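First comes the structure, then the notes that go with it.
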Number of protein chains: 2
Amino acid sequence: MSDFAKVDIEQMRQSAGDAALMLRSLAHQDRLLLLCQLSQGELCVSDLEVQLGIQQPNLSQQLGVLRREGLVATRREGKHIYYRIGDERVLSLLQTLYGLFCQSPEENGS
Amino acid sequence: MSDFAKVDIEQMRQSAGDAALMLRSLAHQDRLLLLCQLSQGELCVSDLEVQLGIQQPNLSQQLGVLRREGLVATRREGKHIYYRIGDERVLSLLQTLYGLFCQSPEENGS
DNA sequence: TACACATAATAAATAATACTATAATATAGG
DNA sequence: CCTATATTATAGTATTATTTATTATGTGTA
């Protein structure tokens, strides 16, 4: 409830487009779970596959979405490919979402 | 980078589903703009129509999406229907998004 | 060769968009 | 009251795009 929209409408439109683009990548149960896991550290695909119980091609497809948007980055180590968060803004958003959806209402400081 | 996932995987799945649902409503340029406008105070449909330049039925359709998800609430005053933010979590998210997408990098405290 | 992962190529289902038309509600004028 | 008009919502629809799961195949590494 503070000082949004000191910017003009065209800039707002631009920013809203950018934000919507990122939100679209986040607005997916599995991808959100993936990012949560990765927010705690690097993991390779087979780790994620086990933890989330998603079939490999589907998993790879969702990781591809996140990769193309730059939300995750990768590193190869032998036969494994390790994923990590690749955009700091994702961490900010995850923090906010964690507060809103994963913490019990009592521990809210509002 | 703090203490995500103290919750078990099933709770995470549930929370991720809830969060994804809300994010889907936000992940849309026009709806995001609508919410930004409303974050500064009540507005009626025709106000929004002028400010955003969206045709009335389309606008009403997007408002309907937000209404069904409880993200906005309404109040009738004469012939006009005033919309306002109906879920505090939306304000939190807008704040975060504002910081990430609407402020210049220099004014970031990271 | 076999393992780990990515990509491709679908098919099926679902959703988004822009329209036009019409309905519902409220007020104003006669 | 009755009617007209303004504001908003809903319905119907055609078009297009997106998502999802699958199966198959490709690529890089050991």
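Note that the structure is a prediction, hence the values are computed from the model and not measured. Quick note on labels: first sequence line is chain A, next is B, and so on, each numbered from 1.
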Q: Look at all strands and tell whether Gln55(A) reaches a base, only sugar-phosphate, or nothing, counting heavy atoms closer than 4.0 Å.
A: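 Answer is sugar-phosphate: Gln55(A) comes under 4.0 Å of backbone atoms only.
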Q: Identify whether any heavy atom of Ser60(B) sits under 4.0 Å from a base atom; if not, whether one sits that close to sugar-phosphate; answer base, sugar-phosphate or nothing.
A: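 Answer is base: heavy atoms of Ser60(B) come under 4.0 Å of a base.
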Q. Between Asn58(A) and Glu49(B), who's closer to the 5' end of DNA chain D by nearest nucleotide?
A.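 By nearest-heavy-atom nucleotide position, the 5'-most residue is Glu49(B).
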Q: Spell out, as yes or no, whether a donor-acceptor pair under 3.5 Å connects the side chain of Gln29(B) to the backbone of Arg13(A).
A: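 Side chain of Gln29(B) to backbone of Arg13(A), a donor-acceptor pair under 3.5 Å: yes, one is there.
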Q | Distance-only donor-acceptor check, side chains Asp18(B) and Gln14(B), under 3.5 Å | A |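 Gln14(B) and Asp18(B) do have a side-chain donor-acceptor pair below 3.5 Å.
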Please state how far atom [atom1] in [X] lies from atom [atom2] in [N], giving the value in whole angstrom units.
X: Leu59(B); N: dA18(C); atom1: CG; atom2: P; result: 12 Å
X: Leu43(B); N: dT8(D); atom1: CG; atom2: P; result: 11 Å
X: His80(B); N: dA6(D); atom1: NE2; atom2: P; result: 12 Å
X: His28(B); N: dA17(D); atom1: NE2; atom2: C1'; result: 13 Å

(Q) Can you tell me how far apart CG (Leu38(A)) and OH (Tyr82(A)) are? Round to the nearest 0.5 Å. (A)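 One finds 12.5 Å between CG of Leu38(A) and OH of Tyr82(A).
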Q) Starting at the 5' end of DNA chain C and moving along, which residue's nearest nucleotide shows up first, Tyr83(A) or Arg31(B)? A)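 On the 5' side of the pair lies Tyr83(A).
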Q: Check if the side chain of Gln56(B) and the base of dA9(D) share a donor-acceptor pair of N or O atoms closer than 3.5 Å.
A: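 Such a pair exists between side chain and base.
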**Q.** Side-chain N or O of Arg24(B) closer than 4.0 Å to phosphate OP1/OP2 of dT19(D)
**A.**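 False: Arg24(B) side-chain N/O out of range (4.0 Å or more) of dT19(D) OP1/OP2.
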